[in-house]
Amino acid sequence: MTDIQELLLSRIRDVADYPEPGVMFKDITPLLADPAAFTALTDTLAGIAANTGATKVVGLEARGFILGAPVAVRAGLGFIPVRKAGKLPGATLRQAYDLEYGSAEIEVHAEDIASGDRVLIVDDVLATGGTAEAAVQLIHRAGADVCGVAVLMELGFLEGRARLEPALNGAPVEALLQV
């Protein structure tokens with residue numbers, strides 16, 4: 001394990017039985033509260049943005065906003081929030097996707113992503129991959145390319161990478177931590 005991985009992992013707190021019994025929640029708020037750890041995370045993700053040739057960063061609601069916005073600033077790129085449906089004013093593109101029990105929708109301002117953009121999707125966790133896959137579809141519908149997905153941690157046992165990779169057309173999925 002690298003020094004950065006050890007630092008990040010040491011600042012993630014396990015919370016048992018949250019939000020329901022049997023779930024081990026990974027709380028990143030201690031990492032965000034530690035300026036050295038948060039800076040190291042931001043710098044590492046900004047490096048991924050540079051390596052992928054990204055021209056914009058998309059953050060997935062809500063913790064993807066917390067991580068994606070400083071990554072975009074550090075990398076000198078624009079930041080685009082992908083929100084839950086009904087949260088953005090103006091013209092939007094919307095994408096539905098299936099959840100374990102039910103469905104959801106996400107959307108983005110139509111004018112924020114343009115043909116020719118190379119978009120890096122940033123989020124805190126890759127779990128089942130449903131939200132990230134919907135974001136990839138949304139970005140493609142806007143005429144842009146997805147140059148990668150970067151997450152703080154991947155919950156490998158949920159197999160989100162396997163769901164997500166076919167939609168990425170060879171673009172990488174970068175997870176700083178495997179949990």
Side-chain angles (χ1 to χ4, degrees), residues 18-20 23 25-26 28-29 32 41-42 45-46 48-49 52-176:
Y18 182 83
E20 59 187 53
V23 174
F25 184 78
K26 300 293 187 184
I28 68 167
T29 59
L32 300 174
L41 173 59
T42 300
L45 292 174
I48 292 170
T52 61
T55 60
K56 293 196 177 158
V57 173
V58 155
L60 303 180
E61 189 165 337
R63 289 179 296 242
F65 298 172
I66 297 168
L67 302 184
V71 166
V73 169
R74 182 66 53 115
L77 305 173
F79 175 76
I80 301 165
V82 169
R83 303 280 325 256
K84 295 175 183 171
K87 300 287 185 180
L88 292 171
T92 61
L93 294 175
R94 185 177 287 195
Q95 182 69 44
Y97 62 101
D98 292 328
L99 299 168
E100 187 175 356
Y101 300 104
S103 63
E105 294 181 319
I106 56 172
E107 59 187 15
V108 66
H109 276 134
E111 71 273 8
D112 289 347
I113 301 175
S115 177
D117 281 335
R118 292 182 45 81
V119 179
L120 177 69
I121 298 170
V122 173
D123 205 2
D124 65 327
V125 174
L126 176 60
T128 64
T131 306
E133 180 186 39
V136 169
Q137 293 167 348
L138 196 60
I139 292 162
H140 286 159
R141 284 182 45 223
D145 293 320
V146 176
C147 61
V149 174
V151 296
L152 168 58
M153 67 185 121
E154 178 179 355
L155 306 179
F157 64 94
L158 293 176
E159 300 182 5
R161 183 181 293 259
R163 176 179 182 171
L164 182 58
E165 282 181 334
L168 288 171
N169 300 322
V173 177
E174 301 276 350
L176 303 183

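Just so it is clear, the structure is predicted and the values come from calculations on it, not from any experiment.
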Under 3.5 Å: donor-acceptor pair, side chain of [X], backbone of [Y]:
X	Y	answer
H140	L168	no
Q95	A134	no
R94	E105	no

Atom CD of E159 with >12 non-hydrogen neighbours under 6.0 angstrom: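 Result for CD/E159: open.
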
Heavy-atom neighbours of F25 CZ exceed 12 at 6.0 Å: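 Yes, the 6.0 Å shell around CZ holds more than 12 heavy atoms from other groups.
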
Report the distance from atom [atom1] of [X] to atom [atom2] of [Y], rounding to the nearest 0.5 Å.
X	Y	atom1	atom2	result
T128	L158	OG1	CG	7.0 Å
L126	L164	CG	CG	6.0 Å
D124	E154	CG	CD	13.0 Å
I121	L138	CD1	CG	9.0 Å
L77	K56	CG	NZ	10.0 Å
L60	R83	CG	CZ	12.0 Å

L67 vs L32 side-chain heavy atoms within contact, under 4.5 Å: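 Result yes, sub-4.5 Å side-chain heavy-atom pair found.
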
Pairwise side-chain contact, L152 with K26, heavy-atom cut-off 4.5 Å (strictly under):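 Not touching, per the 4.5 Å side-chain cut-off.
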
Minimum heavy-atom separation for [X] and [Y], please, with both atom names.
X	Y	answer
A150	L45	CB-CD2, 3.8 Å
I80	D112	CD1-O, 3.2 Å
R74	A46	CG-CB, 3.6 Å
Y97	T131	OH-OG1, 3.1 Å
E174	I48	CB-CD1, 3.8 Å
C147	L120	SG-N, 3.8 Å

